[in-house]
Amino acid sequence: MKRFHPWIFSGAVHHIEGEPEEGEVVRVFTADGSFIAVGHWQIGSIAVRVLDFEDRNIDADYWVERLKVAVDMRRSIGLFGRSDNDTYRLVHGEGDCLPGLVVDVYGKTAVMQAHSVGMHMSRHDIAAAIVAATGGMVENVYYKSETTLPFKADLGQENGFILGGSDENIAIENGLKFHIDWLRGQKTGFFVDQRDNRSLLEQYSKGRSVLNMFCYTGGFSVYAMRGGAKLVHSVDSSAKAIDLTNNNIALNFPGDNRHKAFAEDAFKYLDAMGGNYDLIILDPPAFAKHRDALRQALKGYARLNAKAFEKIKPGGILFTFSCSQVVSKDHFRTAVFTAAAQSGRRVRILHQLHQPADHPINIYHPEGEYLKGLVLYVE
Ligand code: SAH
């Protein structure tokens with residue numbers, strides 16, 4: 001705690017005064033009675049998620065203050081109040097010293113997810129604080145915690161607007177338009193965390209034949225189109241993702257026939273495809289959600305990447321990612337190394353990629369690092 005890690009494990013608690021309910025604000029003291037932290041009480045291996053290391057009241061003013069800090073940070077990194085980009089993460093949990101809370105902004109609508117009962121309890125104050133702290137730039141707050149709250153809490157939570165309401169669901173990322181399906185889409189409806197990596201991809205797209213594997217909403221595909229790709233093929237096993245991708249391509253490049261999308265399993269597609277792609281993106285879902293699954297996950301990454309190395313055109317460029325938190329940068333690099341060695345090709349690392357600045361890592365909470373990627377030149 002003296003090193004400001006935001007979690008207190010249940011085994012570290014000697015005794016509890018009173019009978020706190022899950023989600024309640026509690027104060028933590030040392031044995032000799034000095035204050036350590038104030039945070040949300042949880043039932044489980046993490047007993048307290050720390051909000052503050054100063055003794056503060058956790059009230060409406062507190063949320064406004066913390067949300068203002070989050071807005072100021074986005075302003076200082078050039079993400080707040082831009083006309084060519086109104087899509088960004090406003091709150092990244094522990095990374096913004098707000099453990100258990102995620103807020104993504106799409107234009108005038110914020111999509112908020114609580115991962116803890118404490119954040120759920122304060123959802124109305126937090127929603128009001130988002131509107132106040134953004135000076136009204138955000139008018140609507142959609143609450144989407146049906147699947148993120150601990151199921152045992154049994155809060156009967158339904159997704160829906162808790163402030164305002166809007167059907168206007170086109171967001172702008174680096175001047176490109178995207179339909180955001182916050183109702184039915186994965187997470188908050190869009191993967192905001194690939195924004196910078198998509199921009200980098202755009203720079204490499206000119207004249208290339210691009211395969212965007214695991215395309216979801218087609219983020220990388222739309223950037224590749226703007227970057228001047230010769231052709232772009234998007235693949236995802238979900239038919240719904242293919243619809244989303246086709247819609248986003250049509251929204252930005254109506255009538256442009258360089259793009260095609262296929263609803264197919266990644267491994268099947270990679271096995272059957274020819275060797276014509278010279279720019280391949282592999283951005284799979286998290287292969288390991290828990291530490292126990294790590295070994296299997298590393299095998300999965302190696303197997304997937306091996307297929308790309310086998311088929312990519314000489315002189316091709318591979319963008320490969322892992323968003324599993326338990327897979328470290330080194331683990332991932334070793335898995336990709338294994339795949340490269342298997343193919344016997346000469347491979348160089350051009351870029352090492354990570355999550356963008358609006359997904360900051362609290363220096364006291366290294367677990368917050370999750371997205372990593374490599375850009376490789378394959379001779
Ligand atoms: N690259 C995307 C995010 C990918 S999310 C972006 O920039 O937004 C992972 C996607 O992989 C999901 O859309 C999911 O439907 C898809 N997926 C999961 N398993 C798959 C498989 N075996 N084959 C193809 N796609 C798969």
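Throughout, residue positions are numbered sequentially from 1 according to the sequence presented. We count ligands from 1, going down the list as the structure has it; atoms in each ligand are counted the same way. This structure is a prediction, so every number in the text was calculated from the model and none was measured.
Scanning R195, R198, Q186, Q194 for the heavy atom closest to atom 7 (O) of ligand 1 points to R198. Of the listed options T217, V192, D236, V222, D236 places a heavy atom closest to atom 13 (O) of ligand 1. Nearest residue to atom 9 (C) of ligand 1 from S234, P285, C323, A266 is P285 (criterion: closest heavy atom). When D265, L304, D283 are ranked by how near their heavy atoms come to atom 1 (N) of ligand 1, first place goes to D283.
Under 4.0 Å from ligand 1, the heavy atoms of F220 that appear belong solely to its side chain.
The pair D358-R74 does not meet the salt-bridge criterion, since no charged nitrogen lies less than 4.0 angstrom from a carboxylate oxygen. Using a 4.0 Å cut-off between charged nitrogen and carboxylate oxygen, R75 and D72 count as a salt-bridge pair. One finds a salt bridge joining R226 and E202 here, because a Lys/Arg side-chain nitrogen approaches an Asp/Glu carboxylate oxygen to under 4.0 Å. By the 4.0 Å N-to-carboxylate-O rule, R89 lies too far from D193 to be salt-bridged with it.
Applying the side chain to side chain donor-acceptor pair (under 3.5 Å) test between R49 and each of Q42, H115, H40 identifies Q42 as the sole match.
Listed by atom number, the atoms of ligand 1 under 4.0 Å from S238 heavy atoms are 15 (O). Each of the atoms 2 (C), 3 (C), 4 (C), 8 (O), 13 (O) of ligand 1 lies under 4.0 Å from some heavy atom of Y216.
Classification of the W182-Y106 ring pair by plane angle, with boundaries at 30° and 60°, yields parallel.
Closest to atom 4 (C) of ligand 1 among all protein heavy atoms lies F214 O, 3.2 Å. Closest protein heavy atom to atom 5 (S) of ligand 1: F191 CE1, 3.7 Å. The closest protein non-hydrogen atom to atom 20 (C) of ligand 1 is S237 OG, 3.2 Å.
Checked against a 6.0 Å centroid threshold, the rings of F321 and F220 count as neighbours.
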